[in-house]
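Note on naming: letters A, B, ... go to the chains in the order of the sequence lines (proteins, then strands), and numbering restarts at 1 for each one.
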Amino acid sequence: MPEVLSLNALDARYGDFQALFGVDMTLAEGEVIAIIGANGAGKTTMLRSISGLLKNKPGQIVYRGRPIGGLRADVVAHLGIALVPEGRQLFPSLSVEENLLLGGKVGRPGPWSLEKVYDLFPILKERRRQASTSLSGGQQQMVAIGRALMANPDLVMFDEISLGLAPVVIKSIYDALPGIVGEGMTAMIVEQDILKALSVSSRVYCLQEGRVSLEARTEDVTHDQITQAYFGVVA
Amino acid sequence: MIEWVGAIVQGTLLGGLYALFAAGLSLIFGVMRLVNIAHGDLIVLAAYLGLSTTLMLGVHPFVALIVVMPLMAAIGYALQRGVLNRTLGPDILPPLLVTFGLSVILQNALLEGFTADPQKLNGGAIETASLAVGGLAVGVLPLLTFAIAVAVIAGLQWVFYATALGRGFRAVSDNQDIAQIMGLNKAHVFGLAMALALAVTAIAGILLGMRTSFDPAIGGGRLIFGFEAVIIGGLGNLWGTLAGGVILGVAQTLGAKIDPGYQVLAGHIAFLVVLAVRPNGLFPRVEH
Amino acid sequence: MSARVTRSTRASRVGTVVAALALLVLAAAPWWAGRADMRLMGEIYLYLSLACLWNLMAGYAGLVSVGQQAFVGFGGYMLFALTIFGGLHPIAAILAAGLLAAMLSVPIATLIFRLKGAYFAIGTWVIAEVFRLSFAQIQALGGGSGSSLPVGVVKSLAASRSGREALSYWLALGAAVIVILSVYLFLRSRRGLALTAIRDSEVAASGLGIDIWRTKLEVYVVTSAFTAVIGGLIFSQKLRISPDAAFSVNDWTAFVIFIVVIGGIGTLEGPIIGTLVFFALRETLADFGTIYLMVLGLVAIVVMLKAPKGIWGLVRDRFDLELFPLSYRVRKRD
């Protein structure tokens, strides 16, 4: 499988504060990986770096053979990397449909369109004229996912999609994931809910205090390994 | 009695001009939270560009708009991308002080290029034409100004809420980072917003120049009128801005009716009264 | 090895001695300087005072005003009104002007503090315009064309011309010293710390129990009073006042802002350096009129974009200097 994304000794910092230390990671075509780690481990920082919101040295992030670490976020988006941000972050001034249309702004060709997103999440079609803020948390998450899909990305990154949602809603969203990834997309799933993340991924990385503390195939990984990588202590 | 009604009608129509001063200010504040201290001087610049165009090409000021509007839009885009984008951030000082510096530069550049002598755009017969409405003579130019203001605000409203461009404006205004992730280049979006704002400013400048004489020093006053219209109407509400302009215009003409020296003062006092009684303006935007 | 926390540095201690000596030399100017030089220096002191006051508001309290000309002009007009109609001695009138400005600034603040950030700035400008238009309506003070200070009032300052010039000079120098010292001591006080906390983070400061509104109000009232006093001094030298001159946004706000920005906003040293740079530029480029102003605006923009802490910020970062010791330093003790 050709490599889609690789992180090469990625360091990321906010001003004087260094959040990531030499993170190495690879992601192959069509692969789904899970990123786990405690709060403050650097997961969101990593996604912000990849999506271009944080500037890095160009070669530290390579996408399809092209160094993208120094590119602006909108340029990265046009290359086919999409992010479903933590906490949804819909545009409150935009209706549901406008949020989705904005996601399609990059205009990449591919299977996803307004109709396909509405097929995936029919409730959004009913609510399409409503303000995005008037929806429930789960429905907002559907908009956030749909908005990212509208870009027809090659790589989509999900940041804490189950955070703050009811279990039944989380289940319905995770049920929809195979349908999304089945379209040949490569995905990176950042989750607090470790079991959920492992259930849909083939490999897992654990971050601890800005460093990769575990890299394993999901089927091989043990509970103890995760505990140690997650908390940094031997259970 | 009829004189007072006349003053109110004149003030209302004058309010259209003030709404045009305000619309550009309101637009850029809405999109990028920038308050442009040089806004008034840009209105005056548009008037001078109109003057140069009418003199060089021998055309009517309205025809000059064909030149001045794209020119102002281009200036706006270049200004935003070249200078103003660098000032945006959490700190309010840089945009404020940079646009303040810009204002001084513009004023003195106009002084250097056109001297301090008052100038006027020659609108021809339309300037003196009037319509008789129920015993009142209503000037055609003020009436046209008001109609243009309504059309411009309706147009801006349409751009904002019914086009992809407006969607981008609102998205960037809501959340710059996420908008950027969706593929919007915010530097470009801000440039387009300033271009649009200065295209409106071009219209305001031409209408101002046909209505009264102007000189390089009057920019500050026009900024203040626009600002007062925005605050009276309520931040972020374009139709409210029109209402704010009308209230300001009526206050001024009524003040002038009492004593010509009170015209501008009465407008300021109306503004301060609104600020005291309704600090969020008369028609604040309802968040949905 | 132990450490102690201190505010003073070698540079600041040397600075204090140098400043005291310089002050002595400057105070003796009537005996060594020519008439024109004294006028210029007097003007420098008054601009320096305005710059320090504006810097306290904008650089420390976050109150970016473009309407301080309201209080400059008010001070000037009060000097004229209180001496002509109240029969006060000019110096008493100037002090009274400060007091009146303080009283007037409270209701003004309650109104314009409702405006945030840049809108606050334009709000202050509206207030200044209200002042200008209102004073233009007062026929007893010459209406729109203004009036001159009567000879009797001028003579009550000092009988001889050279005496008046020396007095004006000392008043201006004294005002500058008082303003700089007051701002410095204020920033060192508990209130000043509160102000710095607000500047760094309003949310955090209010969490610490600092009444932000009240602290800002105090700064606004005090700077308004001082600004009016300086305004009185300015027009006691000019001897003539008109609404356009008294409430000029260019003379009393634009120049002051450029001085502070170029020197270094939010530092005590900035206004001093900015004032010197401003007058150096003015004395060399003033013949170019409008070009000079354009250059000044351009320099301010470039400084704001490239070096937002101004000339002093560049110097301080390079040499770790602080002439007015405000920050605490941890120092090794042997």
Side-chain angles (χ1 to χ4, degrees), chain B residues 25 29 33-40 83-84 86-87 91-113 115-116 216-217 220-221 223-228 230-231 235 259 261-269 271-273 275-276 278-280, chain C residues 58-59 62 64 66-67 107-108 110-123 125-134 136-137 143-144 199 244 249-250 253-255 257-258 260-262 265-266 288-306 308:
Chain B
L25 210 56
F29 181 79
R33 302 285 174 273
L34 173 80
V35 177
N36 182 3
I37 302 275
H39 188 74
V83 181
L84 298 178
R86 294 157 198 240
T87 68
D91 190 357
I92 64 150
L93 265 173
L96 203 61
L97 298 184
V98 167
T99 55
F100 193 77
L102 212 58
S103 154
V104 171
I105 293 176
L106 267 175
Q107 252 181 58
N108 286 286
L110 289 174
L111 207 54
E112 187 73 20
T115 76
L223 165 73
I224 289 177
F225 294 160
F227 157 76
E228 287 175 335
V230 170
I231 300 286
L235 272 181
D259 178 327
Y262 288 150
Q263 177 178 349
V264 177
L265 193 57
H268 293 331
I269 287 167
F271 159 74
L272 292 174
V273 168
L275 191 59
R278 294 283 296 269
N280 291 324
Chain C
V64 188
V66 294
I108 291 175
T110 55
L111 257 190
I112 56 172
F113 275 24
R114 297 168 172 215
L115 298 165
K116 293 284 163 259
Y119 280 111
F120 169 82
I122 308 182
W125 197 350
V126 173
I127 297 291
E129 284 298 287
V130 169
F131 274 50
R132 181 176 68 84
L133 295 165
S134 301
Q137 290 298 316
R199 183 185 58 172
D244 288 344
V249 64
N250 273 337
T253 294
F255 292 162
I257 290 180
F258 290 156
V260 177
V261 168
I262 292 171
I265 191 165
F288 298 98
T290 54
I291 302 275
Y292 154 67
L293 290 169
M294 287 161 70
V295 168
L296 206 59
L298 198 64
V299 170
I301 289 178
V302 169
V303 167
M304 204 66 226
L305 291 178
K306 299 286 176 198

Say you draw a straight line from [atom1] of [X] to [atom2] of [Y]; how long is it, rounded to the nearest 0.5 Å?
X	Y	atom1	atom2	answer
C:W125	B:H268	CH2	NE2	10.5 Å
C:M294	B:Q107	CE	CD	11.5 Å
C:I301	B:R86	CD1	CZ	11.5 Å
C:T290	B:N108	OG1	CG	5.5 Å
B:F225	C:E129	CZ	CD	8.5 Å

Using non-hydrogen atoms only, which part of [X] is less than 4.5 Å away from chain B: side chain, backbone, both, or neither?
X	answer
C:A254	both
C:V261	side chain
C:I257	side chain
C:K306	side chain
C:V303	neither

If you count heavy-atom pairs under 4.5 Å with chain C, which of [options] comes out on top?
options	value
B:L272, B:L265, B:T99	B:L265
B:L96, B:V83, B:N280, B:V230	B:L96
B:D259, B:I269, B:L235	B:L235
B:I92, B:V264, B:L106, B:I224	B:I224

Honestly, the part of B:L34 sitting under 4.5 Å from a heavy atom of chain C is neither
**Message:** Which label fits C:Y119 and B:F227: parallel for a plane angle under 30°, tilted from 30 to 60°, or perpendicular past 60°?
**Reply:** parallel
Correct closest heavy-atom pair for C:I122 and B:I37 would be CG1-CD1, 4.1 Å
In terms of heavy-atom pairs under 4.5 Å with chain B, the winner among C:N250, C:L115, C:L296 is C:L115
**Request:** Kindly say whether B:L275 contributes a backbone atom to a donor-acceptor pair with the side chain of C:R114 at under 3.5 angstrom?
**Result:** yes
| B:Y262, OH: over 12 other non-hydrogen atoms inside 6.0 angstrom | no
